[in-house]
Engineer: 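For reference, the structure I am asking about is given below.
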Amino acid sequence: MDSLKVHNSLKPGPPVPFVPMEPGKVSWYVCGPTVYDKSHLGHARNYMASDIIRRIMMHYFGFNVKYVMNMTDVDDKIIIKARRQRLLHLEKKKPYSQDEVKALGLAAFQSYASKNLPLLAEASKLDEINYTAKRDAAYGRVLSGGTLAGEGKPGDAETKIKMHIGNMNAAAEALKKNAIFPDADEVLLPYLDSLHKETIDTSDQSIFTDLTKRMEALFFEDMDNLNVLRPDVITRVTEYMPQIAKFVEQIVDKGFAYEAEGSVYFDIAAFQKAGYTYARLRPESKNDKALQEEGEGSLSTNLGGKRGAGDFALWKKSKAGEPYWPSKWGDGRPGWHIECSVMASDILGSRMDVHSGGVDLAFPHHDNELAQSEAYFCQPGKGEHTWVNYFFHMGHLSISGSKMSKSLKNFETIADALATTYTARSMRIVFLMGRWNDGVEISPDLRSQADTWESAISNFFTNTKSWIMDASVGDGVKSLSIRQDTPATGLLADLDLAKKELEAALINSFDTPRAMLVLLKLVNTTNVFVKNNKDVDLAHVEAIARWITKIVGIFGLDSNASPPYHGLGWVPSMAADIDPRKAVQPYAEVVHAVKSEVSKLSLCSDTLSNRLSQDPSTDFESIASSGTRDMEKLSLPYIRAVSQIRDELRRMISSQSTENKKAILTITDRIRDFDLANLGVYLDDRPDNQPSLIKFIPAAELIRAREEKAAREAEKAQKKEEARIAREKAEQEAKEKAKMPPEEMFKKDERYSAWDDAGMPTKMKDGSDVPKSQLKSLKKMWDKQKKVHEELKAKGGL
């Protein structure tokens, strides 16, 4: 095997050789979430991408990975959200009159507009009545899909404006209805915070921990649902306060940080003067004021005493309304970046192989982590300390050109996505279709590609198992013997090629898009080979299916599978505490019901009688005694029993009476479309009295297909009925029209004033003669009416 190469953000450019500090072992620290809100698809992208790489490292390349994740459970966002929730709770308890509540809402409305939508003229005079006109005048261009500048494509700035406008829209409606609580919360919460934040007693830290514990639990619930492996070690900031304070002290003692007004800042100038490099990941961003301020947090804008504009806080003096912990500089709390340095170093030591996170963390978060950690561990005269060997940065997930983020409120939560749009597998396939270090924008085309890939793999697994069951091959691959001195041919040659191509993709910095194409190509090649070769060796097909099963297992696409992934296809789920006999009971009940119903038909067939007398429970007990939890294997004896009875009914139907034919068709259709489909089994009927192929397909898919078919048939029947009604109506109208004698058909037409004996018009309303051209047309109409009238009379319709 060639050596693994990876993209390393510390060395921009092509992938570089991956050489862990200790052969066969990888130490890895990943920046976990700030647990203040529900996780969204952006988090899914980050942590699923990391999970895919971790699984490939462990289960393909065989590394022993120690995976450490932190939980940021004290942070400006957490403080603000928890504090605002408490203030809102207290505000609702106040004995406000209805007018006072509306005045509060209006003040919040105006304050929010002034701060976030500066183009709204005279925010102090803004109200729910004049808001819409002012909004459209100021931001109409953005609302119609344009940009603030009037050129280029909309980006994060426009997304943020739309978010603020959305909050203002909701608040305006709330003011109109006088329903401030809770409809105007998004504008009310920051206003209450600006008025009363310093009144909150933060000695009771449960204000904050209640929120973070709840959000952490939801985060891991989401990760479990996405089949993301749990970290080996979880660290929490609030559990590391003494260590953080000591860590900061040592950086100060080494001359790379200083205290100012109760806070401690990292001294970038001193660090660089000593010969060390700052902003190793993103040197082009080190003077970006916006990113620096974002990294410091929204509550730290007024902290003073910094020597350099880029110096960042290691320890922040806590203000009123903020949580605090003791330190030699007074009560305070850690800066954002120092937390990861302390926790990662505590678990992994002074050096680690891999550090990862979203690409948006590269600067300032990861660059500041590197600087402060290297300052902490550096030793005079020994050059720069290497704290991290490889930085993996996961690409953004984008929606309509803007990154998905909580701050932009343009996100869909993981829970909502799984409930409405995705399965864990389909979401992971979408992310596997893109390089882990590239941005991903979910488009209809990408979703279509992912769906096509999943269908192809699933159908291949289903068909392979069906072919094997039909041929009673069982575990053919285990007995397959391939001579090593003989070149592989046919499907085995295709399998060998696929293995080489997949390995080439994975050693090239985990190139999963290429790997996914390799798998799809092998499936398509195998399907064509099977179609064109009647005598295909199913053991070779099984070998391919089992290898693909192993790879999709390594990629984390089967939440029911576990290493070393030696199965075939997606693993059916069955709870560990369920008795196999109870699990197969629905299948046994179908067997009993079918036997009872068929017995009542009194059909003469020795083969059928034999099928009805067989007891599938004997075969089941033999399978269950092996200890398997595979529902497909456990249920197969019962499914085969029903399928064989049905096959015999289909074979003998042509020789039956009309009444029996109808009964047999009813039974066989119901067995296929309802009895077994509801259990996730499809019987694929074949011609020439061949046995039906048994295919295991999720019941939801079969039921959905059945319902869609029923809907199509109902729509077809409805259209047919509508056509019949329209036809009958037209016929009735024609009949009514035919009842009129041709002599009378023009008499009531007000355009004419005189008629001849046959009823043909001779004079127009003004007394002039009817034009000859019009008379010719009228005569044709008269002749037609005469014909239908006489035909109706001949039929006795008059």
Side-chain angles (χ1 to χ4, degrees), residues 8-13 29 31 243-297 300-317 327-330 332-346 348-352 355 357 360-391 393:
N8 183 1
S9 298
L10 286 166
K11 297 179 180 179
Y29 179 85
C31 282
Q243 296 95 317
I244 291 172
K246 288 291 184 183
F247 201 98
V248 174
E249 282 185 40
Q250 180 158 324
I251 297 175
V252 173
D253 292 343
K254 285 190 172 184
F256 296 121
Y258 55 91
E259 184 272 339
E261 300 179 17
S263 296
V264 179
Y265 298 97
F266 188 82
D267 193 334
I268 294 175
F271 184 67
Q272 292 178 319
K273 186 176 181 181
Y276 303 118
T277 304
Y278 176 67
R280 292 171 58 194
L281 291 166
R282 295 288 189 272
E284 71 279 4
S285 298
K286 65 181 179 181
N287 295 318
D288 190 318
K289 186 176 180 181
L291 289 176
Q292 290 168 347
E293 290 179 353
E294 185 178 346
E296 289 295 84
S300 304
T301 54
N302 296 324
L303 293 178
K306 287 204 295 186
R307 296 174 185 172
D311 292 353
F312 55 90
L314 302 177
W315 187 263
K316 301 177 182 180
K317 178 182 179 180
S327 77
K328 66 179 293 183
W329 310 285
R333 56 191 179 89
W336 175 29
H337 321 295
I338 198 68
E339 303 164 351
C340 287
S341 291
V342 175
M343 292 185 289
S345 299
D346 179 66
L348 300 176
S350 61
R351 295 181 64 192
M352 71 187 76
H355 192 329
D360 54 321
L361 299 181
F363 184 88
H365 185 52
H366 288 158
D367 267 324
N368 290 353
E369 276 188 58
L370 281 170
Q372 65 203 10
S373 300
E374 291 165 1
Y376 178 87
F377 287 112
C378 72
Q379 298 180 31
K382 292 190 176 182
E384 289 190 295
H385 174 81
T386 300
W387 187 56
V388 174
N389 287 336
Y390 301 90
F391 251 111
H393 283 114

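What's counted below: heavy atoms across the whole structure, side chains too, no hydrogens, waters or symmetry copies.
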Engineer: So, the side chain of Q292 versus the backbone of K286: is there a donor-acceptor pair under 3.5 Å, distance only?
Structural biologist: yes
Engineer: Check whether any side-chain heavy atom of P364 lies under 4.5 Å from a side-chain heavy atom of F312, and answer yes or no.
Structural biologist: no
Engineer: Indicate yes or no for a side-chain donor-acceptor contact from E259 to the backbone of W329 under 3.5 Å, with no hydrogens or angles considered.
Structural biologist: no
Engineer: Kindly indicate whether the side chain of I338, heavy atoms from C-beta on, has any atom under 4.5 Å from the side chain of I251.
Structural biologist: yes
Engineer: Please tell me if the side chains of L281 and H393 come closer than 4.5 Å, counting only heavy atoms from C-beta onward.
Structural biologist: yes
Engineer: Would you indicate whether the side-chain heavy atoms of F377 and S345 approach each other to under 4.5 Å?
Structural biologist: yes
Engineer: Report yes if some heavy atom in the side chain of K306 is under 4.5 Å from a heavy atom in the side chain of Y258; otherwise report no.
Structural biologist: yes
Engineer: Looking at residues at least two apart in the chain, or sitting in another chain, which of them share a side chain to side chain donor-acceptor pair (under 3.5 Å) with Q243?
Structural biologist: none
Engineer: I'd like to know if the side chain of N8 reaches the main chain of N389, judged simply by a donor and an acceptor atom lying under 3.5 Å from each other, with no hydrogens or angles considered.
Structural biologist: yes
Engineer: Quick one: ring pair (Phe, Tyr, Trp, His ring centres under 6.0 Å) partners of Y29, sequence neighbours excluded?
Structural biologist: H355
Engineer: Is it the case that the side chain of S263 and the backbone of K317 share a donor-acceptor pair, with hydrogens and angles ignored and the cut-off at 3.5 Å?
Structural biologist: yes
Engineer: Quick one: do R280 and E374 make a salt bridge, cutoff under 4.0 Å?
Structural biologist: yes
Engineer: Using distance alone, with no hydrogens and no angle criterion, decide if S341 and W387 have a side-chain donor and acceptor under 3.5 Å apart.
Structural biologist: no
